[in-house]
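Naming: A, B, ... by sequence-line order, numbering from 1 per chain. All values below were derived from every heavy atom in this structure, side-chain atoms included, with hydrogens, water molecules and symmetry-related copies excluded. Bear in mind that the values here come from a model prediction, so they are computed numbers and not experimental data.
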Protein chains: 2
Amino acid sequence: MSTSACCTPPKTPADFRAASAVFKALSNPNRLLIVDALGSGERCVADLTALVGLDMSTVSNHLAVLRNVGILKDERRGTQVFYSLRKPCLLNLFCCLDEFHGVEG
Amino acid sequence: MSTSACCTPPKTPADFRAASAVFKALSNPNRLLIVDALGSGERCVADLTALVGLDMSTVSNHLAVLRNVGILKDERRGTQVFYSLRKPCLLNLFCCLDEFHGVEG
DNA sequence: TTGAAACTTTGCCAATTTTCAAAATACAAA
DNA sequence: TTTGTATTTTGAAAATTGGCAAAGTTTCAA
């Protein structure tokens, strides 16, 4: 087994860079909207574009950002490309945020 | 009780903006280093400046970013200002990240 | 009240991000 | 093969970010 237990914070500069890269990918409201939508299943780019209400090229860029840090995976079927969460446990981050925002003091 | 259970993802545009603001604050490796250090207790600005190795004015700005989204609180004692985590449960985000990075497939 | 120490604020610059529009690519159907 | 639909890539502009240095503020001590 690894030397680090659950909840051990990242330690090396590389760890901090890797962690901040994921947070950076999630630091945009439109990308967060996309991740939230994909929590209930895969969607094609056209659907996601309608959801966020921006230019399709912009949405495509946001999807690339999320895919490049390992949050999303994509699969082409015909002319469409379907995006989905690579690991659904990513949504647990939202639980932590809810807890963070909810608890007083 | 509230209408939303634990782990319900954020839904309104304001929710997405609030959530992305927290992720944005955590999207910089130096700020992450600071948060990690504060996980084991409060530190003054001078100590944190030595830790991250940047100009004190830069560190002060990073601390303001983290404080403005509610991650940190500050307390002046004499000429020093001590920063600490406002809610330690924030560190749970790192657990989720570890899980995200660790699980295969 | 003068001075020093600890921070914060401001001004500035380089790098990055966010967005749209236009051009390019991939695929399927006619 | 030509056409049309879906998506990505490229180019460019506006906004934001991250950093340092200098100036300003706060507090305490001499």
Side-chain angles (χ1 to χ4, degrees), chain A residues 13-14 16-38 41-84 86, chain B residues 13-14 16-38 41-84 86:
Chain A
F16 289 116
R17 265 181 271 115
S20 66
V22 174
F23 287 133
K24 175 165 293 188
L26 297 173
S27 72
N28 176 283
N30 293 313
R31 284 197 294 269
L32 230 38
L33 181 56
I34 290 170
V35 170
D36 178 67
L38 296 179
E42 66 173 19
R43 303 283 172 88
C44 70
V45 179
D47 281 0
L48 292 170
T49 296
L51 176 72
V52 306
L54 297 175
D55 194 276
M56 180 178 280
S57 65
T58 301
V59 172
S60 182
N61 278 320
H62 282 315
L63 291 167
V65 168
L66 291 166
R67 189 188 49 213
N68 289 340
V69 297
I71 292 176
L72 302 186
K73 62 183 173 187
D74 63 336
E75 181 186 333
R76 175 176 282 273
R77 293 207 287 277
T79 62
Q80 293 178 301
V81 176
F82 289 84
Y83 281 85
S84 57
R86 181 173 290 279
Chain B
F16 289 116
R17 264 181 271 116
S20 65
V22 174
F23 286 132
K24 175 165 295 188
L26 297 173
S27 72
N28 176 283
N30 292 312
R31 285 197 292 268
L32 231 39
L33 180 57
I34 290 170
V35 169
D36 177 67
L38 296 180
E42 66 174 17
R43 303 283 171 90
C44 70
V45 180
D47 281 0
L48 292 169
T49 296
L51 177 72
V52 306
L54 297 175
D55 194 276
M56 181 179 280
S57 66
T58 301
V59 173
S60 182
N61 278 317
H62 281 317
L63 291 168
V65 168
L66 291 166
R67 188 187 51 212
N68 289 340
V69 296
I71 292 175
L72 302 187
K73 62 183 173 188
D74 63 335
E75 181 187 334
R76 174 177 282 274
R77 292 206 289 276
T79 62
Q80 293 179 301
V81 177
F82 289 84
Y83 281 85
S84 56
R86 182 174 289 280

Residue list, ring pair (Phe, Tyr, Trp, His ring centres under 6.0 Å) with F23(A), at least two apart or on another chain: F23(B)

Output all residues satisfying side-chain hydrogen bond (donor to acceptor under 3.5 Å, both in side chains) with E42(B), sequence neighbours left out; order by chain, then residue number. R77(B)

Can you measure R67(A) atom CZ to dT7(D) atom P for me and round it to whole angstrom units? 13 Å

Gap between atoms CG and C1', on L26(A) and dT18(C) respectively (whole Å): 17 Å

Between dC7(C) atom C1' and L66(B) atom CG, what is the distance in whole Å? 16 Å

Checking all strands, does F82(B) fall into the base, sugar-phosphate, or nothing category for heavy-atom contacts under 4.0 angstrom? nothing

With the sugar-phosphate defined as primed atoms, P, OP1 and OP2, and the base as all remaining atoms, what B/S/- string results for nucleotides 25-30 of chain D, 5' to 3', for protein heavy atoms under 4.0 Å? --BS--

To the nearest Å, how far apart are L33(B) CG and dG19(D) C1'? 16 Å

If the cut-off is 4.0 Å, is K24(B) near the phosphate of dT17(D), judged by side-chain N/O to OP1 or OP2? yes

Could you give the CG-to-C1' distance, from N61(A) to dA12(D), as a whole number of Å? 13 Å

Indicate yes or no: at least one non-hydrogen side-chain atom of M56(B) is less than 4.5 angstrom from one of V45(B). yes

Could you go step by step and tell me if T49(B) and L54(B) meet the side chain to side chain contact (heavy atoms under 4.5 Å, CB included) rule? CA-CA 6 Å; T49(B) 296; L54(B) 297 175; over 6 Å; no

Does R31(A) form a side chain to side chain contact (heavy atoms under 4.5 Å, CB included) with V65(A)? I'd like the steps, not just the answer. CA-CA 9 Å; R31(A) 284 197 294 269; V65(A) 168; 3.8 Å; yes

Those residues of residues 44-59 of chain B lying under 4.0 Å from DNA chain D by at least one heavy atom: L54(B), D55(B), S57(B), T58(B)

Residues 44-58 of chain B vs salt bridge (Lys or Arg N to Asp or Glu O under 4.0 Å), sequence neighbours excluded, gives none

From the set dA6(D), dG19(D), dC7(C), return the single nucleotide nearest to any side-chain atom of Q80(A). dA6(D)

Does a nitrogen or oxygen in the side chain of Y83(A) sit under 4.0 Å from OP1 or OP2 of dA6(D)? no

What is the distance from CG of L63(B) to P of dG19(D), rounded to the nearest Å? 12 Å

So salt bridge (Lys or Arg N to Asp or Glu O under 4.0 Å) across residues 57-68 of chain B, not counting sequence neighbours, yields R67(B)-D74(B)

Below 4.0 angstrom from OP1 or OP2 of dG19(D), is there any side-chain N or O of N30(B)? yes

Between dG19(D) atom C1' and I34(B) atom CD1, what is the distance in whole Å? 13 Å

Using a 4.5 Å cut-off on heavy atoms from C-beta on, say whether the side chain of L26(B) contacts that of I71(B). yes

Find out whether S20(A) and L32(B) are in side-chain contact, i.e. whether some heavy atom of one side chain is under 4.5 Å from a heavy atom of the other. yes

Using whole Å, report how far NE2 of H62(A) lies from C1' of dT8(D). 15 Å

